[in-house]
There are 2 protein chains.
Amino acid sequence: MELVDLAATPQGQSDFVRYLAQVCDQTGVEYASYAAASPVNGKVFAFTTYPDRWKQHYMQQELHLADPTLHTASRSIAPVDWSRLERTESFNSVFDQARDFGIPDVGLTIPIRGPYGETGLFSVTSSTTPEDWLKLRKRIIADLQLAAVYMHDRVMKSDRLIDLLRYPALSRREIEILQWVAAGKTQQDIGDILSISPRTVEVHLRSSREKLNALSTAQAVGRAISMGLISPS
Amino acid sequence: MELVDLAATPQGQSDFVRYLAQVCDQTGVEYASYAAASPVNGKVFAFTTYPDRWKQHYMQQELHLADPTLHTASRSIAPVDWSRLERTESFNSVFDQARDFGIPDVGLTIPIRGPYGETGLFSVTSSTTPEDWLKLRKRIIADLQLAAVYMHDRVMKSDRLIDLLRYPALSRREIEILQWVAAGKTQQDIGDILSISPRTVEVHLRSSREKLNALSTAQAVGRAISMGLISPS
DNA sequence: AGGATAATTAGGGAAATCCCGTATTTAGGA
DNA sequence: TCCTAAATACGGGATTTCCCTAATTATCCT
């Protein structure tokens, strides 16, 4: 799993970082971040207003692999307040490191999912006391939720990002054949339908498996569905 | 595809309807609805504050099959304002019928998705003019978004509802084995892991296919994933 | 335009799955 | 309590998928 700082890429998407900064200004939180994970290639793309030192440390140490805020929020529907996270080993490790870099440990993460099974995680941290945080949170939670949806919507509508997140792109034929497999057809059936040899069908399935990093066609179908490349039928 | 009015079921979940009514009061919209769709059995479960006449008509005519608000929002990330919907045949049909029942055609639908791929749709309608609606929407959109997330979270945490949505129930062994298949394991692998004969593994897969009405194991895996019975891995 | 990379096509043989059985155990309803 | 339905467990044989290799065509990039 690889973490990519999108603001640092050639065609830097600084608009998104600017939007995060604006959210900080308007809501009174200290830092804001957005990360989108591809369910398949495992890459994580992120924007953040965190200081460069922490950003670099986070990426170098690959903390996104251990970060309990990401892990918990990606399995939740509602926002996850960091005070409710389990005090696991990972939790202590990541939050201790953050504290060393002057990053507050008060905040929350909002998960946002789209129709392709992709997940966006929108986090903010506040330098207030835990008591004041409760009041602030109550006041701004609706705005944060809306900002998270807006951010995810914009990111997913960005051609470049959607290409990265939807990667690996299956070829038209591969998707067509995978869709038939998901509909319960055999390779022979599909060969007849498409007027090609069942052997050819099998080759397309093999390359689909490779691109999706799947061990079996069933796993490939599952991934393709959870990515929205095909629809269950 | 079947539409079920959850408030009318034996153990009526009237708390949810009460919550919708509360949303109406606090935001100034006329009606509010929530619907959750199971991707596989196609059933749609709904709560609403609409008048009984419209509710009955909607269910009898199975309008949820044609309703463009549901169709569009279920493919969107951000809220869908009904004024932006395409004027298709379905659109005119459903909205004309609604008008006959005195239901406003001004409103929006907010899609909410959870970690299992399930989708919730939260809709409100306003009896204001389109111009006033823009102002009202701007003021309440964040609260509506939060209410939608809250509603979906609560519904999904309701044991009875999640059981309904996850129907048909596979046995523990069937789910366990299907999960391993989705993880790319062969029947032999799974037999070794579970210390049973690979033949037995195959029998469980066969009954899984039958219950999910799937022609192949790959199709069964796809359905199980889109139902949230198992998670893609 | 040329050259690299990816897409689409295909066959032979090995491996795995799927369909046909049977049998024992468990759970729930008449 | 007995009986039926469902869950669990196995095997033989036909079908299907999977892995190897490899050709031709498309597409993209400089």
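Given the structure is predicted, the values throughout are model-derived calculations rather than measurements. Letters go in sequence order (proteins before strands), and every chain restarts at 1.
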Inset, instruction - Rounded to 10°, tell me the angle between the two end axes of the helix from C/dA1-D/dT30 to C/dA30-D/dT1, each built from five pairs. - result: 70°
Output the rounded distance in Å from [atom1] ([X]) to [atom2] ([N]).
| X | N | atom1 | atom2 | value |
| --- | --- | --- | --- | --- |
| A/L215 | D/dC18 | CG | P | 11 Å |
| B/R172 | D/dT8 | CZ | C1' | 12 Å |
| A/E210 | C/dT8 | CD | P | 14 Å |
| B/L178 | C/dC18 | CG | C1' | 15 Å |

Legend entry - Pair B/S171, B/E174: side-chain N/O donor-acceptor within cut-off below 3.5 Å: yes
Legend entry - No-hydrogen, no-angle side-chain donor-acceptor test under 3.5 Å, A/Q219 and A/S216: no
Legend entry - Pairs touching residues 177-202 of chain A that satisfy salt bridge (Lys or Arg N to Asp or Glu O under 4.0 Å), sequence neighbours left out: A/E202-A/R206, A/E202-A/R209
Inset, instruction - Return each pair, listed once, that meets salt bridge (Lys or Arg N to Asp or Glu O under 4.0 Å) where at least one residue sits in residues 84-93 of chain B; pairs must be two or more places apart or across chains. - result: none
Inset, instruction - Please determine if a side-chain N or O atom of A/S171 lies less than 4.0 Å away from the OP1 or OP2 oxygen of C/dA6. - result: no
Which heavy atom in [X] sits nearest to a heavy atom in [Y], and how many Å separate them?
| X | Y | value |
| --- | --- | --- |
| A/A224 | A/L178 | CB-CD2, 3.7 Å |
| B/L121 | B/A73 | CD2-CB, 3.7 Å |
| B/L212 | B/A220 | CD1-O, 3.5 Å |

Inset, instruction - Find out whether B/Q97 and B/W54 are in side-chain contact, i.e. whether some heavy atom of one side chain is under 4.5 Å from a heavy atom of the other. - result: yes
Inset, instruction - Using a heavy-atom cut-off of under 4.0 Å over every strand shown, decide if A/S216 touches base, sugar-phosphate, or nothing. - result: nothing
Inset, instruction - With heavy atoms under 4.0 Å as the rule, sort A/R173 into base, sugar-phosphate or nothing. - result: sugar-phosphate
Legend entry - Of residues 185-198 of chain A, the positions that come close to DNA chain C - non-hydrogen atoms, cut-off under 4.0 Å: A/I196, A/S197
Inset, instruction - Please list residues of residues 200-209 of chain A whose heavy atoms come under 4.0 Å from any atom in DNA chain C, ordered by number; otherwise none. - result: A/T200, A/V203, A/H204
Legend entry - Any donor-acceptor pair under 3.5 Å from A/T72 side chain to A/P68 backbone: yes
Inset, instruction - Dump the intermediate steps for side-chain contact (heavy atoms from CB on, under 4.5 Å) on A/Q145 and A/I112, then the final yes or no. - result: CA-CA 9 Å; A/Q145 179 76 50; A/I112 301 292; 3.6 Å; yes
Inset, instruction - Classify the side chain of B/R199 versus the base of C/dG21 as yes if they form a donor-acceptor pair under 3.5 Å and no if they do not. - result: no
Inset, instruction - State which residues pass salt bridge (Lys or Arg N to Asp or Glu O under 4.0 Å) with A/D25; sequence neighbours excluded, sorted by chain then number. - result: none
